[in-house]
Trainee: 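Can you keep this structure in mind? I'll have questions shortly.
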Amino acid sequence: MSYTKREVLEVIKMTEVEHFDVRTVTMGITLLDCADEDPKAAARKVYEKLTRYGASLPGTVSEVADSLGIRVANRRLAVTPVSLIATRPEPRSYVTIAKEIDRAAGEMGFDYVGGFSALVESGFTRADEALIAAIPETLTVTSRMCSSLNVGTTRVGLNMDAVLKTAALIKETAFMTRERGSIGCAKFVVFTNAVDNNPFIAGAFHGVGNPEVMINVGLSGPGVVLDAIRQRGPCDLRELSEVIKKASYKVTRVGEIVGREVAKRLGIPFGIVDISLAPTPELGDSVGEVLMAMGIERPGAPGTTAALALLTDAVKKGGTMATSAVGGLSGAFIPVSEDGAMISAAHEGILTLEKLEAMTAVCSVGLDMVAVPGDTPEDILAGFLADELSIGIINAKTTAVRVIPVHGKKAGEIVSFGGLLGDAPVQELKLFSPSGFVSRGGQVPPPITSLRN
Amino acid sequence: MNRRQMALEVASILVNHISPAPSQSVLEKVAAELILLAEKELSAGDRPSSQRLAVLTVLGKNHPGIVHAFSEILAEQNVDIVDINQTILHGNFAMIMIVDPSGAKVDFPSLKSLLKERGGREEVGVFLQYEDLMRELNRI
């Protein structure tokens, strides 16, 4: 027998019992060649190009998944930051393009497309300004189009004017989608050090240095890691790290096989595997539960940051060996509303926003899917964003914020988004104003650590 | 015939049609390039589809006729059983078959649903997948 019984049964257990699935296979497509002075013509080119490349992705992914005996939860598209599609720089131009992207995605059966984005870390082009002005409307009139802004990098510092604009557009989007729990904000993320091959929604976009089209893979896997830790039982921390590394190797290897096979069948280049542990609201598929299995009573307890640091480091070490190209965010995802153990800890006040912020200093990629009261003033929201984004700049890592100021809700209430987006407890923000600082505007200079040459 | 001999053979067939006949060293050179090409084609993870084996796993409560139930379907669909391993532990049945679906009368998804459907009637769990995961997750 070429495989032992144990080997075969372990694979079956991983796919059938431990909720393992590949979270997303994302196709990145460049739209730079869809430029046209007439926005309607540009939108037509965009629609034509997306359907030409994207139509065969969902079927191919399903075929590959089925033949390998695993599940792939999502198929998604990422496009060139839309502000870079040269056209008439007016907000309505970009809304027109977004609607066509949304229509194409709907017809092909994609739930989300990333890339209604602008890179404004050092300032705004006319196109950037127009696109930013169009974000609230776009997130309201489309259902699949996701948006992101990069407002800072370690190299150039933080564009505080962009942070102020971001706070304003988040509030406006929350208001415009107030009938649906301000869900528009769940489709928008603000970054520092954004990566251009991130397969995960809502921050995915296809960077300008990428090829015409490529396949990137995002993993899931908290369930597999959780099960490995539980099975190992008591052991010291070095051994715990080894257990996580081995589980991460397996999870990542599956992503690599799927990505390679899909790319081969479609005849396009395979990009990267993102070795983040991405949770889902399903029981047993939670990063919070992994922390609990490691010995933290509840996520948010003292020790949480240390445990998360060990966890993410081990995940990276195990994953790196399993794939030919690691990329994307490759850190810990803590989307509060999408992670069962995090939801309850946040609701009970154990996991505070301040603790979440501390966790991003070591490895988490940001404050993801956190809900705050709908009446949070704009300047306080801007201060909240600036804090998180500065952590990324100083530590030369990606950080991001996806925050939902839920219209009409107060701290302690719960907003339910349904599906993968889950339920978010509305968390308290300290209501003292940073206005005297953030409203000065301008550029926060890059840190001394940016001088690497 | 090994790969080198094969390449030399192919090279000499090719050069037989070329005149004047090339020297032995040219022949060797052509053969070396052919070997390189063949090795590239046969590199790991990229085996010809005809050699891509699959693993059929059946798990559940033991009862007479389980092995027959599934081997019958495989025979009907012209799927070769390469290897089989079957155990019963505390009344629980576990069977792992390595099969070659390359000559099957139906495509892979249809074969899978035929087996799954039979699994439903036999009240056992049935999993059919290409061997990639077994190979890549357990061996470095």
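Letters go in sequence order (proteins before strands), and every chain restarts at 1.
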Trainee: For Leu133(B) and Ile70(A), which heavy atoms make the closest approach, and how far apart are they?
Mentor: CD1-CG2, 3.4 Å

Trainee: Go through the steps for Arg6(A) and Asn138(B) under the test side chain to side chain contact (heavy atoms under 4.5 Å, CB included), then give the verdict.
Mentor: CA-CA 10 Å; Arg6(A) 213 190 103 249; Asn138(B) 294 303; 5.9 Å; no

Trainee: Report, in residue-number order, which members of residues 57-68 of chain A are under 4.5 Å from chain B by heavy-atom distance.
Mentor: Asp66(A), Ser67(A), Leu68(A)

Trainee: Taking atom NZ of Lys116(B) as the centre, report whether more than 12 heavy atoms of other residues, nucleotides or ligands fall under 6.0 Å from it.
Mentor: yes

Trainee: Nearest 0.5 Å, what's the CG-NZ distance between Asn85(B) and Lys5(A)?
Mentor: 6.5 Å

Trainee: Do any of residues 64-79 of chain B come closer than 4.5 Å to chain A, heavy atom to heavy atom, and if so which ones, in number order?
Mentor: none

Trainee: Which heavy atom of Ser2(A) sits nearest to which heavy atom of Asp83(B), and what is that distance?
Mentor: N-OD2, 4.1 Å

Trainee: Between Val254(A) and chain B, with a heavy-atom cut-off of 4.5 Å, which part of the residue counts as in contact: side chain, backbone, both or neither?
Mentor: both

Trainee: After noting the C-alpha distance and the side-chain angles of Met14(A) and Leu137(B), does the key distance pass the side chain to side chain contact (heavy atoms under 4.5 Å, CB included) rule?
Mentor: CA-CA 11 Å; Met14(A) 182 173 164; Leu137(B) 295 192; 3.9 Å; yes

Trainee: Which heavy atom of Glu7(A) sits nearest a heavy atom of Met134(B), and at what distance?
Mentor: O-SD, 4.5 Å

Trainee: Measure distances from Glu256(A) to the heavy atoms of chain B and classify the residue's part below 4.5 Å as side chain, backbone, both or neither.
Mentor: neither

Trainee: Would one find more than 12 heavy atoms of other residues, nucleotides or ligands at under 6.0 Å from atom CG of Leu283(A)?
Mentor: no

Trainee: Enter the distance from Ile12(A):CD1 to Gln129(B):CD here, rounded to the nearest 0.5 Å.
Mentor: 4.5 Å

